[in-house]
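Here the structure is laid out as structure tokens; the discussion comes afterwards.
Within every chain, numbering begins at 1; the chains are lettered A, B, ... in the order of the sequence lines, protein sequences first and strands thereafter.
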There are 2 protein chains.
Amino acid sequence: MLAQIGRNVTARRTNSREKILAAAAEVSRESGAGNLSLDAVAQRAGVSKGGLLYNFPTKAKLMQALVQYYLDDYEVSMARETDPNSAMPKTALQAHIEFSREFCEKPPGAASGILAAMADDPHFLDPLCQFKRRLLDRLKSEARDPLRALMCFLVLEGMTSLDLFEMDVLSNEERELVLVRLAEEAEADKNHAAASA
Amino acid sequence: MLAQIGRNVTARRTNSREKILAAAAEVSRESGAGNLSLDAVAQRAGVSKGGLLYNFPTKAKLMQALVQYYLDDYEVSMARETDPNSAMPKTALQAHIEFSREFCEKPPGAASGILAAMADDPHFLDPLCQFKRRLLDRLKSEARDPLRALMCFLVLEGMTSLDLFEMDVLSNEERELVLVRLAEEAEADKNHAAASA
DNA sequence: TTTACTGTACCGTCTGGACGGTATTGTCAA
DNA sequence: TTGACAATACCGTCCAGACGGTACAGTAAA
């Protein structure tokens, strides 16, 4: 019977939530961040509108979850890459560079949810703002030269924002060139930190 | 005095158009980029809805004008600052830095219209995308080192995108530090170009 | 007379979300 | 073990209101 599949209640819900979140990002990308309707999301997610509202009681809750989803994803990656117990722990800057690369290589508009949230109410981006500030502080504190760290941060910020808007301004070669250059910078920082330790 | 200025028909219209464009940006900022309604814009601009639709027959036309308005502003500034006949002609990079500084110093969300256009339909940003690509090519061609130019471009892109989203990530000091650093870079480029000429 | 509007009334469509229902699973006393 | 009840995870329908856009009559300046 179906019962043999260990699909317990929680897993069911979690699955639905993720499906809905992914669907919301897709719809946002396709119909414009400001035209995200619950009906469209529900349909795309293969869920009824009632089911959608069950998981996210209001549209605002959905938007918040969309931002949080992105943040959690980052936080997990960052923790994993910089884990001092791992074989090759990275510095925060190295991890950030890697994450930015992945961000740009992801299917276009994977983070369109962020835009949808912003379109609805700019305050939904407040957690993202605080997150970025904390990240920047960490990058500055780990670097030889805080200004360089700041510049690196902004370069990546520029790159990812172009990507977020799906503005194909940079070629792949240009992107790669920049990432390699930043990686060198990060490597130098790392060696410096190791030497002075 | 003011009456002596022949406020002709065109000027009247132009005035209305600018008032509407400014109002649209304000409304976009206040109610979220995706919640820009024609009624709200008309009210804010002190224009009837009929008058709004007289100037911009459809919402799409308004959005396009919003983007074009920003682009024209930039183009005019750029032409003025880099005019070889002026006393102190700047390089494109120097002008771009200056423009980015002004962008960040403007009243918050002066360019929210861009976000509103994007929220409605991402394709409205196509002209902006092409514009950025042309700018980047110009910066690269004028610089000693194309990669450095690209990095400078991205730093400014990151700075202005944070500003566009009204994410107060950078302090004023940090912004100034970055701007000064970029200005030095641009100055070095300029001297190099002058020496090799 | 033309231009550049104002003001009002209206229409069709879409949207968030409230609501009532239902099937499945979990709990727990008898 | 079972039967009553409750919680979970949805489905499908409905509706008041908002929105973009149209139509049209009026007006004030050039």
Side-chain angles (χ1 to χ4, degrees), chain A residues 1-24 27-28 30-66 113 116-117 119-121 124, chain B residues 2-24 27-28 30-66 113 116-117 119-121 123-124:
Chain A
M1 257 283 265
L2 280 170
Q4 287 178 7
I5 304 168
R7 222 177 55 159
N8 63 18
V9 176
T10 330
R12 217 168 122 202
R13 175 165 189 169
T14 306
N15 257 328
S16 275
R17 280 180 67 96
E18 294 216 350
K19 258 171 30 186
I20 290 168
L21 259 10
V27 172
S28 162
E30 283 163 31
S31 21
N35 306 319
L36 187 96
S37 78
L38 297 186
D39 287 280
V41 172
Q43 199 175 0
R44 175 63 61 101
V47 172
S48 75
K49 197 174 171 184
L52 168 58
L53 265 331
Y54 177 79
N55 283 280
F56 304 97
T58 64
K59 196 181 186 184
K61 288 272 168 64
L62 174 61
M63 298 302 172
Q64 283 165 17
L66 237 21
D120 227 51
D121 182 348
F124 287 141
Chain B
L2 281 172
Q4 286 177 7
I5 302 170
R7 219 176 61 153
N8 61 19
V9 175
T10 329
R12 215 170 123 204
R13 177 167 187 166
T14 305
N15 257 330
S16 273
R17 280 179 68 96
E18 295 216 349
K19 259 171 29 185
I20 290 167
L21 258 10
V27 172
S28 161
E30 284 163 29
S31 19
N35 305 320
L36 187 95
S37 77
L38 297 185
D39 289 278
V41 172
Q43 198 175 0
R44 175 62 61 99
V47 172
S48 71
K49 195 177 172 182
L52 168 59
L53 288 167
Y54 181 79
N55 282 281
F56 303 97
T58 65
K59 195 181 186 184
K61 289 270 167 64
L62 174 61
M63 297 302 171
Q64 283 165 17
L66 237 22
D120 227 51
D121 183 348
H123 286 299
F124 287 140

Reading nucleotides 18-24 of chain D from 5' to 3' and marking B where a protein heavy atom lies under 4.0 Å of the base, S where only the sugar-phosphate is that close, and - otherwise, the string is -SBBB--

Does any non-hydrogen side-chain atom of [Y] lie less than 4.5 Å from one of [X]?
X	Y	answer
V27(A)	N35(A)	no
R17(A)	I20(A)	no
Q64(A)	F56(A)	no
L38(A)	L62(A)	yes

Nearest-Å distance, [atom1] ([X]) to [atom2] ([N])?
X	N	atom1	atom2	value
D121(A)	dG16(C)	CG	P	15 Å
F56(B)	dA4(C)	CZ	P	13 Å
Q43(A)	dT15(C)	CD	P	11 Å
Y54(B)	dG7(C)	OH	P	16 Å
L52(A)	dA18(C)	CG	C1'	14 Å

Selection residues 40-56 of chain A - residue pairs positive for salt bridge (Lys or Arg N to Asp or Glu O under 4.0 Å), sequence neighbours left out: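 Every salt bridge (Lys or Arg N to Asp or Glu O under 4.0 Å) pair that includes a residue of residues 40-56 of chain A, provided the two are not neighbours, is E26(A)-R44(A), E30(A)-R44(A), D39(A)-K49(A).
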
Side-chain N or O of N55(B) versus OP1/OP2 of dC5(C): is the shortest distance under 4.0 Å?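 Result: yes.
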
Any residue meeting salt bridge (charged side-chain N to carboxylate O under 4.0 Å, His left out) with K61(B), in chain and number order, not counting sequence neighbours: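 Residues passing salt bridge (charged side-chain N to carboxylate O under 4.0 Å, His left out) with K61(B): none at all.
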
